[in-house]
Amino acid sequence: MELTRLRGFQDLIGPQVRAISFIEEKARALMERYAVREIRIPILERIELYVRSTGATSDIVEKQMYTVERRAESKGEGQMVLRPEGTPGVVRAYIEAGLDRSDPEQRFFYCGPMLRYERPQKGRYREFYQFGVEVFGRADAACDAELLIMIDDLRRELGLELKMELNSLGCADCRPAFRQAVLEYGRAHFAELCEDCHARLERNPLRLLDCKIDAKLAAGAPNSLDYLDEACRKHFDTVRDLLNRAGVVFEVNPRIVRGLDYYMRTTFEISSMALGAQNAVIAGGRYDGLIEELGGAPVPGIGFAIGLDRMALALLESSRKFEVAPEVAMIALGEAATARATEIAHRMRRESNLTVEMLSPDRGLKALLKRADRIGARYAVIIGDNELARGIAQVRELAHSRQQEIAIEEVAATIARELEKIASR
RNA sequence: GUGAGUGUAGCUCAGCUUGGUUAGAGCACCGGGUUGUGGCCUCGGUGGUCGAGGGUUCAAAUCCCUUCACUCACCCCA
């Protein structure tokens with residue numbers, strides 16, 4: 001086969017797509033309760049948006065973005081890229097709508113594909129789906145806590161065991177001192193650092209802290225919490241206190257460092273034990289300077305994104321099943337019966353709310369019953385010329401090989417009633 | 001970008017070390033055993049450029065080279 005999908009892209013089929021939809025539905029329902037409103041933003045943006053927000057030296061901007069070839073006659077668009085993450089686009093839309101000035105306190109969620117050119121591996125694809133939440137206009141610790149509680153709610157609804165880790169990176173006032181301390185620590189131990197860390201040191205020294213190779217060295221490195229100024233410390237203490245009151249289980253991990261420039265104060269990562277190396281299923285944090293950086297008013301912000309693909313993988317690792325089976329397989333033998341069966345199937349769905357799959361009528365009964373079994377139907381409704389003439393249908397309960405003749409007009413109601421009985425047991 | 005592992009039927013894999021007739025199994029699919037009754041059983045059938053290209057050889061799934069893809073990990077990150 002030569003027309004294969006592109007590397008790192010996936011066709012989501014069967015349980016995979018059902019797991020993702022399941023998470024999305026749960027998350028959407030949760031958004032309703034938290035009064036978070038949906039926002040839809042373009043998948044294509046100007047490259048500058050990410051250079052200025054994500055950070056010019058980040059890997060995302062330096063080597064992972066998909067650039068789009070524009071038509072020669074289009075003018076003034078500059079370099080366009082497929083969005084590698086959601087936050088900058090939402091911030092842009094927020095500013096562009098003038099909300100930062102007219103009505104700054106806003107909460108949005110978005111859902112959709114993101115694209116990054118990376119080497120694929122388990123839980124990492126070039127196109128991946130994110131469900132993200134962004135809250136603008138609130139600098140208070142209660143807001144941070146509310147988001148984390150929201151995440152805990154989702155975790156509970158999905159029945160997943162996840163680890164929540166929290167850190168504070170400090171603010172524009174106190175972070176520089178911390179960064180400087182890490183830099184100096186790194187320089188002092190330069191000879192002991194791994195090759196990757198040598199590169200990190202000047203580019204993004206905070207990254208030293210979550211290096212896997214130099215774990216021992218990182219343990220002795222400066223702790224961001226020791227460098228928090230009074231306001232940041234109080235903020236972080238309040239967040240933790242609110243989480244404890246809400247019964248949210250979390251750990252403080254000073255090594256949680258976000259890769260993107262715009263994060264400050266509260267940062268967090270939620271990971272799954274069920275996954276491989278790419279185990280962060282949710283990550284986010286506060287980014288109070290970002291809106292201003294992108295040309296808006298000085299409005300604070302905080303947000304997170306769920307990696308839906310990863311979350312789905314974790315869900316599929318658990319014992320949860322994502323099979324779907326129709327309640328009724330409709331079997332028609334012959335042309336006249338097919339017409340009648342189509343009517344009955346329609347009525348079952350519309351009036352009795354049953355899930356009904358009509359099987360291909362161009363096959364023998366044996367093959368059709370086999371098919372009904374295969375798709376996991378609970379009942380097979382058989383209508384042939386015999387039944388048609390007598391105004392009845394054979395209703396077969398597959399698991400028990402019980403079969404009864406029921407007046408065609410009564411089939412839908414009878415099955416619905418039986419299912420109700422089973423459900424109430 | 002780096003490293004390791006793997007590419008044989010729709011799926012899971014055997015065969016490759018030591019080259020040798022028509023390349024196998026299980027599952028799945030289709031059909032018979034049952035003129036209109038599934039699962040279990042049984043008999044049969046469809047299905048393969050052995051990832052691709054080149055080389056060695058009388059002969060290559062098997063040996064050599066190149067290349068591509070997939071997987072996992074590094075890196076990065078959701």
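Labels below follow one simple rule: chain letters A, B, ... track the order of the sequence lines, proteins then strands, and each chain is numbered from 1.
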Could you tell me how far apart [X] ([atom1]) and [N] ([atom2]) are, to the nearest whole angstrom?
X	N	atom1	atom2	value
A:Phe268	B:rA78	CZ	P	11 Å
A:Arg126	B:rU71	CZ	P	11 Å
A:Asp373	B:rC29	CG	C1'	15 Å
A:Ile392	B:rG36	CD1	C1'	12 Å
A:Lys63	B:rC77	NZ	C1'	13 Å
A:Ile383	B:rU37	CD1	P	18 Å

So what's B:rG45 paired with, Watson-Crick or G-U wobble, going by both distances under 3.5 Å?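 Here B:rG45 is engaged in a pair, and the nucleotide opposite it is B:rC29.
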
With a 3.5 Å limit on both atom pairs, tell me what B:rA73 is paired to, counting Watson-Crick and G-U wobble, or say none.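 In the structure as shown, B:rA73 has B:rU2 as its Watson-Crick or wobble partner.
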
Identify whether any heavy atom of [X] sits under 4.0 Å from a base atom; if not, whether one sits that close to sugar-phosphate; answer base, sugar-phosphate or nothing.
X	answer
A:Glu387	base
A:Ala280	sugar-phosphate
A:Glu269	nothing
A:Ile382	base

Picking from [options], which would you name as closest to the side chain of [X]?
X	options	value
A:Ala277	B:rA78, B:rG38, B:rA73	B:rA73
A:Lys366	B:rC72, B:rC76, B:rG33	B:rG33
A:Lys122	B:rA73, B:rG36, B:rA78	B:rA73
A:Leu398	B:rG36, B:rA73, B:rG38	B:rG38

Using a cut-off of strictly less than 4.0 Å, decide whether [X] has a side-chain nitrogen or oxygen near OP1 or OP2 of [N].
X	N	result
A:Arg7	B:rC70	yes
A:Arg310	B:rC77	no
A:Gln278	B:rC77	no
A:Arg374	B:rC29	yes
A:Arg124	B:rA73	no

Side chain A:Arg116 and base B:rC76 donor-acceptor under 3.5 Å: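 In this structure, the two groups form no donor-acceptor pair.
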
Presence of donor-acceptor pair under 3.5 Å, side chain of A:Gln121 and base of B:rC75: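 Under the 3.5 Å cut-off, the side chain and the base do form a donor-acceptor pair.
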
Please report the distance separating the P of B:rC16 from the corresponding atom of B:rC63, rounded so that it comes out in whole Å.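 Comparing P positions in B:rC16 and B:rC63 gives a spacing of 9 Å.
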
